[in-house]
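The structure appears below as C-alpha cells.
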Amino acid sequence: MTDIRVRIAPSPTGPLHLGTARTALFNFLFARHTGGTFIFRLEDTDQARSTEAYELDILNGMHWLGIRWDEGPAVGDEPERGDHGPYRQMARMASYTEAANRLLAEDKAYRCYCSPEELEAERKLQEAAHQNVRYNGRCAKLTGAERAAFEAEGRKPVVRFRIPASRAIAFDDIVRGHVEIDTNALGGDLVILRSDGTPLYHFTVAVDDAAMKISHVIRGEDHLSNTPKHILLFEALGAPIPQFGHLPLILNPDRTKMSKRKSQTAVDAYKAEGFIPEAFVNYLALLGWSTGTEEEILSQAELIERFDLSKVNRAGAVFDRERLEWINGQWIRRLSADDLIARLRPFFEVELAAGRIDWLPTDDEIRVLLPVVQERLPRLSAVGELIGFLFVRDLEMDPALIVPKRWDAATTVVGLTAARQLIAETGKAAWDAHQLEAPLRRLVEDRGWKAGDLFMAIRVAVTGRTATPPLFDTMVALGYERTLARLDRAIEKLGAQATTAP
RNA sequence: GCCGCGUUCGUCUAGAGGCCUAGGACACGGCCCUCUCAAGGCUGAGAUCAUCGGUUCGAAUCCGAUACGCGGUACCA
C-alpha cells in the first residue's frame with residue numbers, strides 16, 4: 001500500500017446523491033489504481049438536517065454501487081474499521097474543540113461577540129456601498145475589559161479563525177492546474193465554532209483531513225473557491241497540505257449544478273428503475289473522464305486499471321439519461337442467465353404488488369424467455385411492460401388495436417378463426433415456435449394476405465399489445481390452452497363488435 | 001458586486017503545435033435484417049473547435065482580451 005489516502009465525506013442530510021456517488025467513485029478508482037487507502041467519513045454535524053435513514057441510504061447506495069472503503073463505518077460485520085476513527089463527525093467533537101482551543105491559545109483564532117443581527121446589518125451596509133461583503137474584524141483585537149463587558153451582557157461568542165489580509169494562496173490542482181486566490185476574497189475571518197460550541201464545515205474538514213492524514217482531496221468543483229480557507233487552516237493546525245483535485249460538476253439539462261428540483265438525483269431511484277450497478281458506475285465514470293481510447297463498456301476492474309485523475313475533464317457535464325440507458329442495455333445483454341433471473345426477481349415482485357400481474361413466474365419460466373427478453377430490456381423494470389401479459393389471468397385488450405391497418409373487422413375475424421383452427425391442430429405435442437409458424441405462413445399464402453397483418457392480429461389477441469417479443473416464442477410461453485382461450489375471446493369480442501357496429 | 005473556474009457536433013467526449021478537409025459514442029434520419037418491438041450491421045446529417053487579437057512557417061491545441069455560462073462568497077454541507 002502506498003501512502004495515498006483519499007476520502008469521501010458525505011453529509012446524511014438527504015438520500016445518496018448522484019454527485020456524491022460520482023465523487024466517491026473517482027476517489028475509489030484513484031485509491032485502487034494507486035494502491036492507496038479509501039476512507040469514508042460521515043459529516044453529520046448538521047444535526048438539524050441529518051437523519052439515520054439518510055445515513056443508511058447512503059451506506060446502502062455505496063454498497064450497491066460496489067464502492068468499498070478501507071476505513072470508515074459499517075464495513076462487513078464491524079461497526080467501524082480503521083486506525084484513524086471515529087469516522088462520524090459527531091463522535092469527533094472533542095477533537096474540534098481541542099483544535100479550536102489550540103488556535104485560540106496561539107492567537108490564530110479569537111472569540112467574536114457580534115450578534116447575527118449586527119452582522120446582518122453590516123452586510124447590508126456593505127452591499128449598499130457596493131463593497132465586498134466581509135467580516136470587518138470588529139472583535140479581532142478586543143481587550144480583556146471589552147470581552148468581559150460582552151460576556152456580562154450575556155453574549156455567546158463564536159470562534160473566528162484569522163484570515164491574513166492580501167496574501168495570494170496558490171495551489172496546483174490536479175485537474176485544473178495552477179489556481180491562485182487572494183485572501184481578501186475570502187470574506188474576512190472565518191467562523192469555525194458556532195456560539196453553541198459546535199464546529200462548522202470548513203473547520204471540521206481541515207481538522208479531520210489532517211487527523212486522517214488525507215493526502216489527496218478529490219471533490220466537486222463547488223469547493224474550489226473554498227480551498228484557500230482549508231489551506232490556511234491546515235497551516236494553522238501545523239498539518240501538511242494535501243493535494244487537491246476538483247472534479248467538474250454534474251449538470252441539469254440547463255447546465256446548472258444538478259439538483260433534485262430539476263433532475264432525478266437520488267441513486268436509489270435509479271436502482272428502482274432497473275439500472276444495474278455495473279452500468280451506473282460505468283456511466284458515472286465516463287461523466288467527466290475518459291480513457292482516451294474508444295472503449296465505452298468498462299467493468300470496475302477495467303476502470304480501476306485505466307483511471308487517471310489528471311485526465312479528468314475541466315468542464316461540467318450534463319447528465320444524459322439516454323446514454324445511461326444505452327449503457328445499461330449493454331450491461332444487461334452481457335449478464336448470464338442465472339444472474340439476470342436473480343436480478344429480475346425483485347422487479348416481478350413489484351409488478352405483483354402493483355397488481356399488474358397475478359402471479360410470479362418460476363425461474364425456469366423466466367429462463368426459457370431470456371433469449372427473446374434479454375436484448376429487449378433497457379432497464380430491469382421494463383420486464384413487466386415486456387412480458388407481464390404472460391402472468392395475468394384475464395387479459396385486458398383494446399379491440400380497436402386488434403384490426404390491422406390494412407384489414408377490416410370482418411377479415412380479422414376470418415383470419416383469427418382460421419389461425420385458431422390451425423393452432424389448435426398443431427396441438428400440444430408440437431407446441432414449438434417453428435411448428436406453429438409454418439402452417440400459419442401457408443395460410444397467409446393461400447389467402448393472399450400479408451404475414452404481418454395476420455400475425456399482428458394474433459399478437460394483439462394473445463398479448464393485448466402491438467409490440468412484443470417474437471410472436472411464436474410468445475405463444476409457446478403462453479401455452480396451448482391459454483393461447484386458444486385468448487384467441488377465442490378476441491374472436492368473440494370482435495364478432496360482437498362487427499355485428500353491432502357494422 | 002467581488003473572486004474563481006469553464007467554453008470542441010443537441011448530449012458525453014477524443015484531441016497535449018503539423019497525423020484534424022476535427023475522430024468515437026448516445027440521440028436523430030435512411031438502408032439491410034424482419035411477424036411487431038428490440039438487438040445487430042451498413043450509412044447519413046450534425047462542430048466557422050465561444051468571439052476577437054497575438055505568438056508561430058503552421059493553432060482546436062500556446063498567450064491576452066471580450067462575451068457568455070457556472071460555481072463560491074453563511075453561526076449550510
Side-chain angles (χ1 to χ4, degrees), chain A residues 9-14 43-46 48-50 112 114-116 119-120 123 126-127 129-134 156-160 173 176 179-182 184-188 190-196 198-202 204-205 220-228 246 248-249 251 253-257 283 286-297 313-327 329 333 372-378 386 404 437 440-441 444 450-460 463 465-472 474:
Chain A
S11 178
T13 53
E43 305 210 328
D44 54 356
T45 52
D46 184 346
R49 293 193 296 147
S50 297
C112 167
C114 298
S115 70
L119 258 17
E120 178 62 25
R123 188 176 307 132
Q126 291 173 337
E127 273 170 11
H130 293 288
Q131 289 176 308
N132 284 5
V133 174
R134 70 198 311 275
K156 291 274 183 220
V158 300
V159 175
R160 281 188 191 267
D173 192 276
R176 263 145 236 284
V179 177
E180 210 171 296
I181 297 175
D182 194 281
N184 290 339
L186 266 31
L190 178 74
V191 178
I192 56 175
L193 248 43
R194 294 184 179 92
S195 49
D196 67 1
T198 57
L200 261 357
Y201 171 75
H202 296 300
T204 59
V205 185
E221 195 201 339
D222 45 354
H223 282 112
L224 190 62
S225 307
N226 292 326
T227 303
H246 286 92
L249 262 21
L251 272 23
D254 66 2
R255 305 202 74 89
T256 53
K257 178 163 113 175
Y283 176 72
L286 262 24
L287 204 54
W289 172 70
S290 79
T291 61
T293 68
E294 281 171 8
E295 301 172 293
E296 310 259 13
I297 306 302
N313 241 23
R314 281 176 287 272
V318 174
F319 187 81
D320 181 1
R321 192 199 159 87
E322 297 280 2
R323 196 171 148 77
L324 205 214
E325 285 211 7
W326 175 75
I327 289 183
R333 268 163 242 140
V372 295
V373 161
Q374 194 156 9
E375 67 190 22
R376 288 179 171 75
L377 287 176
L386 226 203
E437 183 168 358
L440 290 175
R441 286 213 181 265
V444 161
K450 294 240 190 261
D453 292 332
L454 206 225
F455 293 177
M456 182 52 84
I458 300 175
R459 165 176 290 110
V460 176
T463 69
R465 319 183 146 271
T466 53
T468 71
L471 180 60
F472 304 103
T474 301

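Per chain, numbering begins at 1; letters A, B, ... match sequence-line order.
The side chain of Ala467(A) sits closest to C37(B) out of G1(B), C37(B), C35(B).
Computed from coordinates, the Arg321(A) CZ to C26(B) P distance equals 17 Å when rounded to whole Å. Here C37(B) presents its P atom at 15 Å from CZ of Phe455(A), a figure rounded to the nearest Å.
Contacts of Arg123(A) classified as salt bridge (Lys or Arg N to Asp or Glu O under 4.0 Å), with partners at least two apart in sequence or in another chain: Glu120(A). With sequence neighbours excluded, the residues forming a side-chain hydrogen bond (donor to acceptor under 3.5 Å, both in side chains) with Asp46(A) are Arg49(A), listed by chain and number. Here Glu294(A) pairs with nothing under the side chain to side chain contact (heavy atoms under 4.5 Å, CB included) rule; sequence neighbours left out. With sequence neighbours excluded, no residue forms a salt bridge (Lys or Arg N to Asp or Glu O under 4.0 Å) with Arg376(A). Among residues two or more places apart in sequence or in another chain, the salt bridge (Lys or Arg N to Asp or Glu O under 4.0 Å) test is passed with Lys257(A) by Asp222(A). When the side chain to side chain contact (heavy atoms under 4.5 Å, CB included) test is applied to Thr291(A), the partners found at least two apart in sequence or on another chain are Trp289(A), Thr293(A), Glu295(A), Leu298(A), Arg306(A). Residues passing the salt bridge (Lys or Arg N to Asp or Glu O under 4.0 Å) test with Asp254(A) are Lys262(A), sequence neighbours excluded. The ring pair (Phe, Tyr, Trp, His ring centres under 6.0 Å) search around Phe455(A) returns Phe472(A), not counting sequence neighbours. Every residue meeting the side-chain hydrogen bond (donor to acceptor under 3.5 Å, both in side chains) condition with Asp173(A), not counting sequence neighbours, appears here in chain and number order: His246(A).
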Please enumerate all protein N or O atoms sitting under 3.5 Å from an N or O of nucleotides 71-75 of chain B, with distances to 0.1 Å.
from	atom 1	to	atom 2	distance (Å)
G71(B)	OP1	Lys257(A)	N	3.3
G71(B)	N2	Ser225(A)	OG	3.1
G72(B)	OP1	Lys257(A)	NZ	3.2
C75(B)	O2	Ser195(A)	N	3.2
C75(B)	O2	Ser195(A)	OG	3.2
C75(B)	N3	Ser195(A)	OG	3.2
C75(B)	N4	Cys114(A)	O	3.4

Strictly under 3.5 Å: I want the nitrogen or oxygen pairs between protein and nucleotides 13-19 of chain B, one per line.
from	atom 1	to	atom 2	distance (Å)
U13(B)	OP1	Gly288(A)	N	2.5
U13(B)	O3'	Ser290(A)	OG	3.4
A14(B)	OP1	Ser290(A)	OG	3.2
A14(B)	OP2	Asn313(A)	OD1	3.2
G15(B)	OP1	Lys311(A)	NZ	2.8

Review item, nucleotides 40-44 of chain B N/O atoms under 3.5 Å of protein N/O:
from	atom 1	to	atom 2	distance (Å)
G40(B)	OP1	Gln330(A)	NE2	3.2

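A gap of 16 Å separates the P atoms of A27(B) and U11(B), to the nearest Å.
Donor-acceptor pairing under 3.5 Å, judged by distance alone, is present between the side chain of Arg459(A) and the base of C35(B). Side-chain to base pairing of Arg376(A) with C37(B): one donor and one acceptor N or O lie within less than 3.5 Å of each other.
Both Glu294(A) and Arg314(A) lie close to RNA chain B; mapped to their nearest nucleotides by heavy-atom distance, the more 5′-ward contact belongs to Arg314(A).
In this structure, Thr474(A) contributes its side chain and Pro470(A) its backbone to a donor-acceptor pair below 3.5 Å.
Across all strands shown, the partner of C52(B) is G64(B), judged by Watson-Crick or G-U wobble contacts whose two distances both fall under 3.5 Å.
Between the side chains of Arg194(A) and Thr198(A), at least one donor-acceptor pair of N or O atoms lies under 3.5 Å.
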